[in-house]
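To start, the structure itself, in structure tokens.
Naming: A, B, ... by sequence-line order, numbering from 1 per chain.
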Amino acid sequence: MLGSFRVARRTPLLQAIRRQSTTSARTLAPVPGLDLSEAKLRRAVFYVPCSEERKIQKSLHSPADCIMYDLEDGVSLNRKSLARSLVAGALSGPQTRELGVRINSIGSGLEADDLAAILRCARLDVIMIPKVETPGDIHYVTSLVDRLAPESKVKIIAGIESALGVVNIRDIALADKRVDALLFAAEDYCADTGITRTKGRQELYFARSVVATTAHAYKLQAIDMVTMDFRDMDVLREESREGAEMGFTGKQVIHPAQVDVVQECFAPSSETVAKARRIVDGYQKHYTLGKGAFDLDGKAIDMPVVKWAYRVLHRAELAGVDGTKIGD
Amino acid sequence: MLGSFRVARRTPLLQAIRRQSTTSARTLAPVPGLDLSEAKLRRAVFYVPCSEERKIQKSLHSPADCIMYDLEDGVSLNRKSLARSLVAGALSGPQTRELGVRINSIGSGLEADDLAAILRCARLDVIMIPKVETPGDIHYVTSLVDRLAPESKVKIIAGIESALGVVNIRDIALADKRVDALLFAAEDYCADTGITRTKGRQELYFARSVVATTAHAYKLQAIDMVTMDFRDMDVLREESREGAEMGFTGKQVIHPAQVDVVQECFAPSSETVAKARRIVDGYQKHYTLGKGAFDLDGKAIDMPVVKWAYRVLHRAELAGVDGTKIGD
Amino acid sequence: MLGSFRVARRTPLLQAIRRQSTTSARTLAPVPGLDLSEAKLRRAVFYVPCSEERKIQKSLHSPADCIMYDLEDGVSLNRKSLARSLVAGALSGPQTRELGVRINSIGSGLEADDLAAILRCARLDVIMIPKVETPGDIHYVTSLVDRLAPESKVKIIAGIESALGVVNIRDIALADKRVDALLFAAEDYCADTGITRTKGRQELYFARSVVATTAHAYKLQAIDMVTMDFRDMDVLREESREGAEMGFTGKQVIHPAQVDVVQECFAPSSETVAKARRIVDGYQKHYTLGKGAFDLDGKAIDMPVVKWAYRVLHRAELAGVDGTKIGD
């Protein structure tokens with residue numbers, strides 16, 4: 001199916017939930033309105049310069065949740081054509097991961113050729129638009145998708161990389177239903193605002209908070225900045241943890257060595273999984289008894305919380321975190 | 001009088017100001033447009049689970065500025081009816097404190113019964129609506145008030161507990177004139193956004209800043225999050241001071257032992273009171289001399305500042321802080 | 001020319017760029033649309049109480065980028081008339097610096113007389129409006145400018161000093177094309193919001209971030225708060241560095257001794273200048289070869305970046321920072 005998301009492994013919860021949404025499963029209480037097909041995992045968004053065949057080859061075996069073939073900053077100007085000629089091949093790889101392309105920014109003069117090269121590729125799951133400043137930047141892409149690939153189910157990640165992007169972020173988030181994630185790019189943001197990076201990162205806290213908060217307000221993913229020093233795993237771990245604490249759901253990476261640490265830090269924690277599991281178990285139990293909402297530890301558990309718990313278990317399962325089986 | 005605010009003690013400033021607004025007092029300069037009846041104190045907003053008679057009884061003697069009888073998270077699902085049957089009794093207690101009720105959130109399916117149980121209670125001073133995400137959540141309540149208790153002077157505290165609430169906060173603050181305070185609830189906010197609490201609390205600084213800033217922009221109160229560990233008075237004091245420093249005017253408490261520390265930390269400081277007193281004294285003196293605005297320490301003191309000073313003295317007096325007498 | 005900006009020194013880059021925009025210079029590649037006449041420097045905005053002739057005299061020799069003659073908080077009420085009678089003289093001084101006036105706030109009852117006293121002064125480069133809360137505060141001034149001094153090229157600095165100013169800041173920034181800078185005033189902001197200053201300044205981080213971010217979103221300058229203790233140069237340097245790191249382009253000063261440290265901290269850093277210089281050099285080289293955008297360190301350099309580099313070099317040159325010569 002064009003643009004659909006493939007999951008790496010089919011596990012019990014996943015299978016049960018899928019079954020329940022199509023058939024009348026006897027063993028599982030239904031959760032009206034729960035749609036886990038949207039609940040994709042994008043812990044590491046891994047940029048692969050699309051002008052380098054060797055790196056494209058290596059990316060075929062990357063465990064990153066999302067492989068983002070890059071036509072923008074990772075590709076020098078005199079290699080843009082080469083990169084465009086390689087992108088279709090990259091997008092037909094055997095990976096089960098989500099595959100995307102970062103195009104050049106709207107207004108760069110390069111974006112039309114980028115989109116022409118990718119929009120008809122069957123395995124284009126997501127387009128990352130860098131330097132989004134207005135809803136118009138999103139509309140430019142979606143109108144081309146509508147025209148050139150009307151059957152496409154491609155999603156959009158909007159890169160927030162400037163002060164104007166931060167100021168307009170609500171309108172950007174709401175520009176089109178295909179917007180699926182907001183992403184914060186620190187390097188370009190600093191260049192735009194004159195902000196100077198410090199070790200403590202406090203100078204970026206405001207912009208990162210705006211991005212994460214707005215993403216959650218509209219049920220989008222929030223993808224944090226790159227850790228530029230790809231050799232320092234301690235800094236990477238510290239920044240990843242901080243991003244997860246701030247509510248980011250994933251992080252951009254520029255080097256294969258960064259993928260594992262990032263994916264570990266952005267997986268649901270075992271405490272969260274245990275809590276979600278208790279809620280789902282409680283829901284299954286009380287549903288059998290004919291009740292709707294129910295109490296857990298003296299607190300009423302209602303439908304939004306039940307759905308949250310299912311989503312956590314789903315994400316944990318996709319991430320390979322233990323303790324996600326239900327009903328045993 | 002329905003829903004009016006009772007003050008604990010009538011003190012000189014209070015009496016003088018009240019007198020001056022109704023009669024032509026000779027000893028005090030009038031302050032046109034000053035309305036201190038709105039300047040209520042809500043340092044500690046103390047939640048009392050309305051399903052527990054013993055706790056309701058104890059609350060009758062609480063020194064908390066605002067007693068908030070809870071029908072929501074503090075009451076398990078199978079006790080909601082019991083809580084509703086007790087709430088009218090709780091609201092007819094002999095307290096001079098402000099009395100309010102936290103209803104279940106709009107859309108929970110419980111809110112209509114909650115409101116039906118409380119709207120005609122004479123001593124319902126304030127309704128706390130949790131998980132407000134849009135102005136519509138406020139309008140749901142105000143339109144019921146208009147229909148069921150058109151004479152009511154009940155105020156509304158809007159609970160901001162989600163990313164969408166933060167993003168829509170301006171519209172929420174302006175939804176109805178009865179909105180009197182914005183309140184930040186950390187636990188639900190973290191569940192909604194995936195934010196993880198840390199000891200330093202920096203992960204909540206953004207959302208708390210948005211709540212406090214928006215509240216002040218529209219002359220509303222700003223009520224800070226609960227300190228969950230009710231045994232650790234050091235953390236409570238630290239969080240209370242930080243909240244006051246950030247501009248919050250009060251804080252939610254879940255345990256009687258938290259009330260005193262919170263009310264101490266959110267009372268006007270003696271420096272602030274001393275400054276306000278000098279301004280009021282200066283105003284009185286210069287008014288006698290036939291002048292409007294006047295200079296203090298080489299800075300022009302105009303009407304907004306004079307009113308600010310009166311409000312500080314009024315709050316200090318309500319809080320029992322020393323040094324608030326004028327004219328001696 | 002009315003209200004135009006004078007630069008202290010004419011240096012090679014400046015001359016070359018000026019030449020190139022009017023003539024067809026052979027030695028320099030043209031940069032279409034680059035307008036450096038707007039790129040003024042306002043590192044230190046130095047308040048001079050306009051009621052004190054001695055301080056006005058001293059200000060004639062100040063190295064501050066912007067001398068702001070103050071009619072507001074620095075002038076007591078009974079000296080406002082005196083200050084207005086001195087302001088025209090102050091504005092006809094021999095300085096090459098930018099000259100401005102801080103008027104009293106809109107609604108104070110003093111602003112009309114202030115504007116009447118200054119609008120026809122030829123050397124009025126900029127008006128600082130304090131306590132701006134709505135676009136209407138800007139419109140009040142611009143409509144008077146249009147009526148009383150239709151030929152004026154005066155710019156406006158909007159002072160953000162209240163929670164409502166922060167909440168309305170986008171509309172304020174966009175109120176009129178003459179708005180040239182947003183300025184954050186900490187003392188009044190704290191009085192309005194109840195925020196208490198701490199040594200770490202974290203309580204002001206949110207409001208300062210909003211001001212700096214909004215300014216950059218609309219290509220305005222962002223001017224940071226005063227450091228009140230004018231004797232402590234260490235704190236001044238620390239606050240100045242922090243402001244520059246956050247993206248502020250300048251800072252208010254209240255004492256002559258603060259000017260040098262501030263101007264040093266808000267000058268472009270030598271790293272930034274070196275980077276800008278490499279970009280400009282690269283652009284000149286590649287233009288000769290008939291190319292438009294070009295690669296530098298494997299990254300495509302496009303027109304916005306080239307313009308940014310020119311602006312940095314221009315600012316560095318105005319600030320007297322070394323390493324700004326090109327083409328050698």
Side-chain angles (χ1 to χ4, degrees), chain A residues 49 51-52 70-81 83 104-111 114 130-131 133-134 160-172 186-211 213 254, chain C residues 169-171 173-174 182 200-202 204-222 241-250 265-266 268-269 271-272 275-276 279 282 286 289 291-305 308-309 311-312 315:
Chain A
S51 53
E52 304 191 31
D70 187 16
L71 299 177
E72 198 214 11
D73 281 353
V75 175
S76 69
L77 206 65
N78 57 10
R79 293 165 73 86
K80 298 285 185 193
S81 295
N104 286 278
S105 63
I106 312 309
S108 68
L110 302 164
E111 69 275 26
D114 291 348
K131 302 186 178 66
E133 299 206 314
T134 67
I160 304 297
E161 321 194 0
S162 68
L164 189 57
V166 166
V167 162
N168 286 337
I169 194 166
R170 275 176 81 172
D171 295 336
I172 291 166
E187 304 306 309
D188 283 291
Y189 190 76
C190 289
D192 180 66
T193 56
I195 286 178
T196 313
R197 297 294 304 270
T198 70
K199 251 186 138 177
R201 292 177 299 278
Q202 68 275 5
E203 68 284 351
L204 292 178
Y205 172 84
F206 172 76
R208 290 166 78 204
S209 296
V210 170
V211 171
T213 305
I254 51 168
Chain C
I169 193 166
R170 274 176 81 172
D171 296 335
L174 294 170
L182 302 176
R201 292 177 299 279
Q202 68 275 4
L204 292 178
Y205 172 83
F206 172 75
R208 291 166 79 203
S209 295
V210 170
V211 171
T213 305
T214 311
H216 286 291
Y218 300 113
K219 309 294 176 206
L220 310 178
Q221 292 190 349
R241 277 192 189 141
E242 186 190 75
E245 275 166 19
M246 290 177 72
F248 282 96
T249 57
C265 292
F266 284 92
S269 73
E271 294 80 26
T272 304
K275 187 183 164 193
I279 291 168
H286 285 83
L289 304 173
K291 295 182 175 179
F294 64 99
D295 291 326
L296 191 68
D297 307 332
K299 203 178 150 163
I301 303 295
D302 55 8
M303 245 1 186
V305 178
W308 168 86
R311 280 193 297 266
V312 167
R315 290 184 60 224

Nearest 0.5 Å please: distance from the [atom1] atom of [X] over to the [atom2] atom of [Y].
X	Y	atom1	atom2	answer
T213(C)	D192(A)	OG1	CG	10.0 Å
Q202(A)	Q202(C)	CD	CD	11.0 Å
T196(A)	R241(C)	OG1	CZ	11.5 Å
M246(C)	F206(A)	CE	CZ	9.0 Å

Engaged part of [X] at the chain C interface, taking heavy atoms whose separation is under 4.5 Å:
X	result
A207(A)	neither
T198(A)	side chain
L204(A)	backbone
V166(A)	side chain

Could you check whether atom NZ of K80(A) has more than 12 heavy atoms from other residues, nucleotides or ligands sitting under 6.0 Å from it?
yes
Taking side chain as everything from C-beta outward and backbone as N, CA, C, O, which of these in [X] sits under 4.5 Å from a heavy atom of chain A? Side chain, backbone, both or neither.
X	answer
V305(C)	neither
F248(C)	neither
A222(C)	neither

Determine the option with the most heavy-atom pairs under 4.5 angstrom with chain A, choosing from A212(C), P268(C), A217(C).
A217(C)
Check side chain to side chain donor-acceptor pair (under 3.5 Å) between T249(C) and all other residues, then give those that pass, not counting sequence neighbours.
none
Pairing residues for R197(A) by the salt bridge (Lys or Arg N to Asp or Glu O under 4.0 Å) criterion, not counting sequence neighbours:
E187(A), E203(A)
Taking the side chain from Y205(C) and the backbone from Y205(A), do they hold a donor-acceptor pair closer than 3.5 Å?
yes
Can you tell me which of V210(A), N104(A), L164(A) forms the most heavy-atom pairs within a distance under 4.5 Å of chain C?
L164(A)
For the residue pair R170(C) and N168(A), establish whether any side-chain heavy-atom pair is separated by less than 4.5 Å.
yes
